[in-house]
Each structure stands twice: as C-alpha cells, then as structure tokens.
Asks: 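Following this message is one structure expressed as structure tokens.
Residue numbers begin at 1 in each chain, while the letters A, B, ... track the order of the sequences.
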Amino acid sequence: GESVGLHLPTLSVQEGDNSIINCAYSNSASDYFIWYKQESGKGPQFIIDIRSNMDKRQGQRVTVLLNKTVKHLSLQIAATQPGDSAVYFCAETYAQGAQKLVFGQGTRLTINP
Amino acid sequence: GAVVSQHPSRVICKSGTSVKIECRSLDFQATTMFWYRQFPKQSLMLMATSNEGSKATYEQGVEKDKFLINHASLTLSTLTVTSAHPEDSSFYICGLTGQFYEQYFGPGTRLTVT
C-alpha cells in the first residue's frame with residue numbers, strides 16, 4: 001500500500017545485466033497493477049501493467065510477474081541500459097473503486113557502466 | 001497513452017501568496033483527473049480527485065480550502081495552493097485515467113515557498 005519513507009531502497013546493476021525490482025502490495029482486493037518509471041524532476045512514466053487474472057505479462061525488455069497468493073509484484077528489466085536509471089514505483093488499484101492508485105515506496109535503480 | 005502537460009514547471013512564491021498550477025490533457029477527454037504531491041525521496045501521495053463539472057474529492061488530511069481544485073472542462077484541471085507556507089513546498093503532479101484504468105501523469109510542478 002502507500003508507503004512513506006526517507007530512504008528509497010536501491011538496486012545497482014551492471015550495464016547489460018538483468019534487473020529485478022520487487023514490490024509488496026497491501027490490498028488483496030486490488031485487481032490492477034502498474035509499474036512506473038520516474039526520472040529526476042519528472043512525472044512518472046507508464047511502463048507496463050497487469051490485471052489480476054494474469055500472472056505474467058511481457059513488454060519490450062520488461063516483464064511483470066504477479067503473485068496474488070503472497071501479494072507480490074516484480075518488474076524484470078532485461079539487458080539494462082544507462083537510460084534505465086530511475087526510481088521505479090509499483091501501483092495498485094481496484095478497477096471498480098474510483099480508479100485511485102496507491103503507490104509503493106519506490107526503488108532507485110542505478111546502472112553501473 | 002494520454003499526453004498530459006502541466007504549467008508552470010517551476011514556481012517560487014512568497015509565504016502567504018497563492019499559486020495556481022494547471023494540468024491539461026492534450027489528446028484525451030478526462031472526466032477525472034488526480035492531483036498528487038511528492039516530497040523528496042518519497043512516493044506519490046494522492047491529494048484529491050478532480051471531477052469535471054463537480055466538486056473535487058479530497059483525501060483524508062488534505063485541506064480543501066487550502067488546495068482549491070477546479071475542473072471546468074474535460075481537458076483542464078487547476079490546483080490553487082492558497083496562503084502558501086514553506087511546508088507546502090513540494091513536487092505536485094497531476095494524472096488522468098486512460099482508456100483501461102491506467103494513469104498517465106504530467107511532468108510535475110516544483111513549488112518552492114520562501
């Protein structure tokens with residue numbers, strides 16, 4: 001669910017490696033999940049989404065996995081590039097419930113050359 | 001996805017003054033828009049839901065008389081921070097829902113109150 005903290009979890013990976021960013025969500029009634037990328041000083045950018053009737057969805061270089069049993073979501077980025085450096089947020093919503101998004105705390109991804 | 005713009009991108013104002021932030025949907029008619037604030041190194045916190053032609057719905061703890069929201073058309077919502085204080089300094093982001101419940105966000109407005 002919504003999380004407030006002064007220290008973002010960080011993940012450092014080598015350029016070209018794959019990265020996995022994890023997120024635990026709070027509401028078992030949530031049925032729609034989105035991953036966003038936010039670069040410094042900019043608004044969040046939509047990456048990929050998944051509905052609760054799926055457990056995996058693939059996009060270009062990204063894959064989202066959903067485990068409803070343990071309320072866990074992950075974002076896999078293949079062959080990371082310097083441009084992937086950003087803060088990544090997961091967000092959950094109950095599609096029939098006023099469309100309000102609840103954001104996770106975020107993870108800062110740093111790509112090392 | 002939807003294209004969302006915000007204006008201004010940065011604003012500095014003095015304590016006690018009011019500041020208006022505009023959020024425009026450039027290619028999508030949005031009956032609902034959302035306003036968030038984000039403090040450094042923190043996540044986005046929903047402030048209110050802006051409904052076209054009706055009153056905004058505020059989240060718990062957000063003062064509706066301090067953060068005035070107007071959603072007069074399907075492409076424009078405004079957030080006015082009234083009687084600004086330094087603690088109102090933050091990054092304000094608007095969002096709108098696309099065709100399938102996904103949300104798209106504006107580039108954000110950095111407000112600094114001196």
Asks: Going through the checks in order, is the salt bridge (Lys or Arg N to Asp or Glu O under 4.0 Å) test met by D31(A) and R51(A)?
Replies: CA-CA 6 Å; D31(A) 57 6; R51(A) 300 191 181 279; over 6 Å; no
Asks: Any chance you could lay out the salt bridge (Lys or Arg N to Asp or Glu O under 4.0 Å) test for R61(A) and D84(A), step after step, and finish with the verdict?
Replies: CA-CA 11 Å; R61(A) 283 202 306 120; D84(A) 294 329; 2.9 Å; yes
Asks: Could you look at Q45(A) and say if it's the side chain, the backbone, both or neither that has a heavy atom under 4.5 Å from chain B?
Replies: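 Nothing of Q45(A), per the 4.5 Å heavy-atom cut-off to chain B.
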Asks: Given that the side chain runs from C-beta out, which part of F39(B) has a heavy atom under 4.5 Å from chain A: side chain, backbone, both or neither?
Replies: neither
Asks: Using the ring-ring contact (aromatic ring centres under 6.0 Å, His included) rule, pick out the option among W35(A), F33(A), Y36(A) that qualifies with F103(A).
Replies: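 Single pass found, and it is Y36(A).
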Asks: So for E59(B), is it side chain, backbone, both, or neither that comes closer than 4.5 Å to the heavy atoms of chain A?
Replies: side chain
Asks: Are K20(B) and E22(B) within salt-bridge range, i.e. N to O under 4.0 Å?
Replies: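 Here K20(B) does not pair with E22(B) in a salt bridge, since their nearest N and O are not under 4.0 Å apart.
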